[in-house]
A.B. asks: 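Take a look at this one; I'll ask things after.
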Amino acid sequence: MSILLIAGMLLTTAQAQPPSTQQELQAMLSQDNLPSIDGKDVVLLSQRLKLQQFYQHRNYNLAWQTNATGKDLSTQLLRAIDASADDGLDPSYPLYHKNLIQHLAQPQTAEERVLRDLLLSDAFLTLGEHLFHGMAFGTTADILHRAIPRETLNMPEILTIALQQGEVFEMLERLAPKYVGYQNLKSALRHYRDMASKGGWNEDPEAYLDLELVKKRLSITGEFNDELDSALALNHTLNTAPIDWSWDGTETNDETNNDTVMDGVTETSSEPEALIAAIKQFQRRQHIMVDGILGAQTRIDLAKSVQERIETIKLNLERWRWYGTLVDDNYIMVNIPDFSLKFVHDGQSLSMTVVVGQTKRQTPIMEARMSYLVYNPYWRIPKTILAEDILPKLKANKNYLNANQITLFSSVDNTESYPLDSTAINWHEISKKGMLRYTFRKEPGIKNPLGIIKFMFPNSEDIYIHDTSARYLFKSKSFLVSSGCIRAEKPMQLAYEILSREQPEITLQSIYKQIQTGALQVKHLKEKLPVYVTYQTAWADADGRLYLRKDVYGLDANLLKFMKKLESTYKINYGIFS
């Protein structure tokens with residue numbers, strides 16, 4: 001971020017405060033608890049170490065005085081706290097200290113002036129962290145950064161610059177993601193809050209056996225234009241064929257009959273085609289069977305409350321903030337719940353379906369940089385599969401490796417030059433941990449699970465994108481079956497798009513000829529390509545129209561539980577000022 005690159009700026013020396021004020025400030029920073037106000041205890045400062053750094057550089061002078069431009073800096077901060085609602089944050093969150101700052105608007109004593117100054121600074125630092133990183137960043141709920149180093153953010157320096165320039169509101173505003181997907185989702189949040197303020201919609205699934213109520217419901221979310229009696233245009237192309245998933249990830253399409261409308265509701269000649277088209281548009285946005293039928297799953301989704309949709313939007317905004325600064329062009333983005341991959345380059349995009357990890361072996365959300373491709377790759381079987389799948393098969397059949405073109409090496413044979421005879425090993429005496437003494441290498445060929453190409457973005461999770469020998473999965477819509485890696489529907493096209501951006505002379509035919517040789521070949525990229533593996537159960541288009549996916553891994557549920565626990569913990573400890 002540009003604001004992090006600002007260097008060499010001198011601290012503005014505030015007008016010297018009375019020694020008692022400086023001493024009071026130092027004393028408060030060294031205490032575990034802040035002074036009581038009106039006889040009530042208040043919450044601990046959440047950014048104590050950064051506050052100490054900030055005020056030490058100021059020689060413990062107060063910071064939140066009206067600056068040389070005459071701007072009211074505390075009013076700017078309160079405005080930014082209120083505006084955080086647009087980012088899915090809660091302005092009443094106790095650690096933003098909004099009510100207490102307002103309570104101390106006219107401090108009467110030196111102690112109150114110092115306390116108010118500390119609370120203003122603490123609120124800025126906390127809100128800034130939440131806008132840039134998210135509230136759950138780096139916690140147990142943040143599965144993105146379990147193995148990725150935390151991106152540093154010098155919030156004390158940012159606060160110093162904001163106060164010097166008199167741009168407290170603007171500086172906090174700049175910290176929130178500018179990525180278009182984040183901004184579109186913010187628009188959707190405003191739309192759905194507006195819907196909530198107007199009463200939302202009927203939350204009884206059986207109510208949507210009444211076609212007039214269906215029209216009213218779809219008019220609220222924009223699929224049906226009641227005035228024109230027609231379906232609204234939908235500016236979105238699905239990456240994957242819509243299907244109806246139950247919550248446990250199994251396929252449950254409504255196919256009990258072939259009527260246009262189900263469960264006692266049938267199409268009549270007077271029923272406009274526009275309503276059927278609107279139902280289909282709704283189904284596309286929910287990623288369920290697109291048939292214009294008011295089946296059980298469609299009615300359940302119609303009835304889900306507007307508040308539930310708002311919570312889903314807020315959770316997805318939170319996860320976007322974990323990624324920090326995302327590039328707007330030249331990247332690959334995988335969305336796990338959508339089973340989709342998109343490669344964006346120079347304003348153009350290639351989209352395809354992907355198969356991701358099953359619920360017991362989930363594909364991790366992550367960010368990395370793709371650095372090379374491999375034609376005709378070996379498959380070195382991951383340790384999880386070795387313990388759970390390969391060992392039982394070897395115990396049942398000592399010839400299993402030979403029959404499946406799997407070569408065995410000692411794990412200390414780094415060059416894989418000395419194959420071992422797997423039939424000479426008593427696998428019944430080998431434990432799951434003992435399997436790690438060996439390297440199991442599946443040879444290239446039609447039975448290789450990696451297919452003919454793999455796309456490598458080195459990471460601690462050992463995750464990559466690859467072709468697959470099980471092409472039938474894309475037709476059967478079985479998208480939650482891998483052991484964690486990502487299987488691409490169109491690997492040849494993806495390889496061509498990636499390589500041709502650096503080498504325009506490359507063609508699909510030339511790639512195919514190289515692969516047909518059967519030789520393992522590594523293709524290094526001159527410029528590493530950002531790869532984002534995301535978990536978007538909600539996103540929006542440029543018009544703020546919302547698209548929703550099932551919480552296939554339960555990550556929404558886990559994050560919501562964490563956020564509610566975090567909020568309630570501080571409210572309990574904040575007394576009258578929550």
Side-chain angles (χ1 to χ4, degrees), residues 1-12 14 25-26 28-30 34 43-65 67 71 73-74 76-84 87-91 93-98 100-101 114-139 142 144-145 148-178 182 317-318 320-326 566 570:
M1 296 179 60
S2 59
I3 57 176
L4 299 180
L5 301 178
I6 300 176
M9 298 189 66
L10 298 176
L11 290 174
T12 300
L25 200 157
Q26 286 182 278
M28 285 192 193
L29 281 173
S30 65
L34 292 173
V43 76
L44 300 177
L45 295 171
S46 65
Q47 304 285 333
R48 184 175 298 275
L49 293 178
K50 292 179 181 179
L51 286 169
Q52 289 174 339
Q53 175 187 345
F54 172 72
Y55 282 105
Q56 185 178 25
H57 288 166
R58 294 182 57 83
N59 196 27
Y60 296 98
N61 285 303
L62 300 184
W64 291 82
Q65 312 299 313
N67 77 339
K71 295 179 180 179
L73 302 179
S74 60
Q76 287 191 34
L77 177 62
L78 290 171
R79 179 182 161 212
I81 292 172
D82 285 336
S84 71
D87 291 270
L89 299 173
D90 182 1
Y93 183 64
L95 297 186
Y96 299 155
H97 310 303
K98 177 183 173 182
L100 187 50
I101 290 170
V114 171
L115 177 58
R116 186 171 189 270
D117 210 83
L118 279 172
L119 292 173
L120 287 164
S121 297
D122 193 55
F124 181 98
L125 298 176
T126 302
L127 179 57
E129 289 278 0
H130 289 176
L131 286 169
F132 187 77
H133 284 308
M135 293 181 68
F137 185 89
T139 70
D142 172 14
L144 172 63
H145 290 92
I148 301 174
R150 181 186 176 102
E151 184 176 353
T152 59
L153 189 68
N154 191 337
M155 283 303 302
E157 180 183 357
I158 293 172
L159 173 56
T160 296
I161 296 169
L163 294 173
Q164 287 175 338
Q165 298 180 349
E167 295 185 347
V168 170
F169 178 86
E170 292 83 358
M171 191 66 79
L172 287 169
E173 186 179 42
R174 291 173 205 157
L175 289 173
K178 297 299 178 285
Y182 183 86
L317 285 170
E318 168 69 13
W320 274 130
R321 289 189 286 266
W322 297 350
Y323 285 90
T325 305
L326 282 77
L566 184 68
Y570 286 114

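Scope of the values below: all heavy atoms of this structure, side chains included, with no hydrogens, waters or symmetry mates.
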A.B. asks: Measure the OG1-CG distance between Thr126 and Leu95 for me, rounded to the nearest 0.5 Å.
C.D. replies: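 The OG1 atom of Thr126 sits 6.0 Å away from the CG atom of Leu95.
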A.B. asks: Output yes when a side-chain donor or acceptor of Arg321 lies under 3.5 Å from a complementary backbone atom of His130, and no otherwise.
C.D. replies: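 Such a contact is found between Arg321 side chain and His130 backbone.
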A.B. asks: Looking at CD of Gln47 and CZ of Phe124, how far apart are the two atoms once the value is rounded to the nearest 0.5 Å?
C.D. replies: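 Answer rounded to 0.5 Å: 11.0 Å.
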A.B. asks: Could you tell me whether the side chain of Asp122 and the main chain of Ser46 form a donor-acceptor pair under 3.5 Å?
C.D. replies: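 It does hold such a pair.
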A.B. asks: Search all heavy atoms of Gly166 against all heavy atoms of Lys71 and return the closest pair with its distance.
C.D. replies: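 In this case the closest contact between Gly166 and Lys71 is O-CD, 3.1 Å.
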A.B. asks: Could you give the distance from CZ (Phe169) to CG (Asp82), rounded to the nearest 0.5 Å?
C.D. replies: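 Spacing of CZ (Phe169) from CG (Asp82) equals 9.5 Å.
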A.B. asks: Can you find a heavy atom in the side chain of Tyr55 that is under 4.5 Å from one in the side chain of Asp117?
C.D. replies: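 Yes; the side chains approach each other to less than 4.5 Å.
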A.B. asks: Against Ile81, only a single residue in His97, Gln76, Lys98 fulfils side chain to side chain contact (heavy atoms under 4.5 Å, CB included); can you say which?
C.D. replies: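 Only one of His97, Gln76, Lys98 forms a side chain to side chain contact (heavy atoms under 4.5 Å, CB included) with Ile81, namely Lys98.
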A.B. asks: Taking side chain as C-beta onward, heavy atoms only, is Leu566 less than 4.5 Å from Tyr93?
C.D. replies: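 When only atoms from C-beta onward are counted, Tyr93 and Leu566 do touch, with a gap below 4.5 Å.
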A.B. asks: Report the distance from atom CE of Met155 to atom CG of Leu172, rounding to the nearest 0.5 Å.
C.D. replies: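 Between Met155 CE and Leu172 CG, I get 6.5 Å after rounding to 0.5 Å.
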A.B. asks: For Lys178 and Ala176, indicate whether the former's side chain and the latter's backbone hold a donor-acceptor pair under 3.5 Å.
C.D. replies: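 Present.
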A.B. asks: Are any of the side-chain heavy atoms of Ser121 and Leu159 separated by less than 4.5 Å?
C.D. replies: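 Ser121 reaches Leu159 side chain to side chain.
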A.B. asks: Does Tyr60 offer a backbone N or O that forms a donor-acceptor pair with the side chain of Gln26 under 3.5 Å?
C.D. replies: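 No, because the side chain of Gln26 does not come within donor-acceptor range (under 3.5 Å) of the backbone of Tyr60.
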A.B. asks: So does Gln52 get a backbone contact from the side chain of Arg48, meaning a donor-acceptor N/O pair under 3.5 Å?
C.D. replies: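 No, because the side chain of Arg48 does not come within donor-acceptor range (under 3.5 Å) of the backbone of Gln52.
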A.B. asks: Do Asp90 and Met135 come within less than 4.5 Å of each other through their side chains, counting heavy atoms only?
C.D. replies: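 No, side chains not in contact.
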A.B. asks: Could you go step by step and tell me if Leu78 and Ser74 meet the side chain to side chain contact (heavy atoms under 4.5 Å, CB included) rule?
C.D. replies: CA-CA 6 Å; Leu78 290 171; Ser74 60; 5.5 Å; no
A.B. asks: Measure the CZ-CG distance between Arg116 and Leu118 for me, rounded to the nearest 0.5 Å.
C.D. replies: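 So the CZ of Arg116 and the CG of Leu118 are separated by 12.0 Å.
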A.B. asks: Would you mind telling me which of Ile158, Leu127, Asp87 makes a side chain to side chain contact (heavy atoms under 4.5 Å, CB included) with Leu175?
C.D. replies: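 With Leu175 as partner, Ile158, Leu127, Asp87 yield a single side chain to side chain contact (heavy atoms under 4.5 Å, CB included), made by Ile158.
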A.B. asks: If we only count heavy atoms from C-beta on, is the Trp64 to Val168 side-chain gap below 4.5 Å?
C.D. replies: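 Yes, side chains in contact.
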A.B. asks: Begin from the C-alpha positions of Phe137 and Leu153 and carry the test side chain to side chain contact (heavy atoms under 4.5 Å, CB included) through to its verdict.
C.D. replies: CA-CA 12 Å; Phe137 185 89; Leu153 189 68; over 6 Å; no
A.B. asks: Using every non-hydrogen atom in the two residues, find where Tyr96 and Ala123 come nearest and quote the distance to one decimal.
C.D. replies: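 Heavy-atom minimum between the residues: O-CB, 3.3 Å.
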A.B. asks: Answer whether the closest heavy-atom distance between the side chains of Gln165 and Glu170 falls below 4.5 Å.
C.D. replies: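 Not in contact.
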A.B. asks: Which value, rounded to the nearest 0.5 Å, describes the distance between Arg58 atom CZ and Thr160 atom OG1?
C.D. replies: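 Taking CZ in Arg58 and OG1 in Thr160, the distance rounds to 7.0 Å.
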